[in-house]
Colleague: 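Sending over a structure as C-alpha cells; questions will come in a sec.
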Amino acid sequence: MSRGFIKFLGTAGARVVMSKQLRSSGGIWICLGKCHLLLDPGPGTLIRCWEGSPPLDPTLLDGIILSHRHLDHSGDMNVMVEAMADGGFHPKGQVFAPADVIEGPEPVLFQYLRSYTKKINVLRAGAAFDLKDIRIEVPVRHLHPVETYGVKLFYQDISISCITDTRFFPGLIDAYQADIVMINMTFLKPFHSEKAFHLSAEEILPLISCLKPKAVLLTHFGKRVIEAGPEMIAGQLAKETGVSVIAAKDGMMFNF
Ligand SMILES: [Zn+2]
C-alpha cells in the first residue's frame, strides 16, 4: 500500500545551477500519510507546482519547511505561503524555519503574510513537531554559513531523512538513520577548505555505508555533478554500498 510520494519540483544546487536554471530550483514536495509538505521552495516553485502532470495545488499543503535562508532554497518562500493560504483568503498550514528566517535584521518571511498561516515554528536542534498524522524531528544543526537544519519525518513505521546543505561531520550518521534518506549532493569531491559547506559524492559514499537505508535519493546538484552525470554517480554509489541510490530528476515522482 502506498504511504506517500516525494516529488522533486527541482534538483538545482547552489548559485550557478540556480541562476542559469541548469536544473529547476523548485524544491521538494513530500506527501506522507495525510500530510503534504514542501521543503525548500527555491525560485520557480509555484510555477513547477502548477505545470506538473498532474499539477500539485499549493492549497493542499499542510506545511512549508525551510532548511535555511539561502536564496536557492527560499526564493519562493513568501509566494508559497500565500499560495498555501489560497491567496491569503483562507489562512492555512504551518511554517517551519530557523530563527533568522523569522526574526532578526533581515527576516525572509514577510510580516504581512504571517497571519495567513496557522502557526510559525522555529527550527532548532532537538525540536520536534506533530503535524496531522506525522512527526517532524530536527536532529542536529548543520555546518553551513547560515543557521541550517535537516529534518526527519515519521509516519507509522516509515521514516524519511532530509539531509539538506551541510559540510560533512560524523554526527550526520547518528542523526539521520531512516528508511529513505534524501541527500543534497552539491559537490563531486570534498574541498579541504573552510569555504566548503556542501556534501560531496566522495563523502556521501561512507555516509550511505553507515546509514544503510532502504533507498537514497540524491538531489541539489552543483555544476560539476551535473557535468559528471548524477545518474552515473548514483550507479557507482549503489554498486559500492549495495543500497538503492537514485539521482533525482526535475519533476521525478518517487512513490513509497
Ligand atoms: Zn545553502
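First listed ligand is number 1; within each ligand, the first listed atom is number 1.
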Colleague: Which single N/O/S atom of D165 lies at minimum distance from the Zn ion (ligand 1)?
Modeller: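 This residue's closest N, O or S atom turns out to be OD2.
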Colleague: Using 2.8 Å as the threshold, say whether any N, O or S atom from H73 sits that close to the Zn ion (ligand 1).
Modeller: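 Given the 2.8 Å cut-off, H73 does not count as a ligand of the Zn ion (ligand 1).
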Colleague: Identify the heavy atoms of I208 and P213 that sit nearest to each other, and give their distance.
Modeller: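 What the structure gives for the nearest pair is O-CD, 4.0 Å.
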Colleague: On a heavy-atom basis, which atom in D40 and which in H68 lie closest, and how many Å separate them?
Modeller: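 Reported closest heavy-atom pair: OD1-N, 4.3 Å.
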Colleague: If you take all heavy atoms of T45 and G26, which pair is closest and at what distance?
Modeller: OG1-O, 3.1 Å
Colleague: Using the Zn ion (ligand 1) as the vertex, how large is the angle between NE2 of H68 and NE2 of H144, rounded to 10 degrees?
Modeller: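 NE2 of H68, the Zn ion (ligand 1) and NE2 of H144 span an angle of about 100°.
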Colleague: What N/O/S atom of H70 is the closest to the Zn ion (ligand 1)?
Modeller: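 In H70, the N, O or S atom with the shortest distance to the Zn ion (ligand 1) is ND1.
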Colleague: Taking only residues two or more places apart in sequence or in another chain, which ones pass salt bridge (charged side-chain N to carboxylate O under 4.0 Å, His left out) with D179?
Modeller: K214
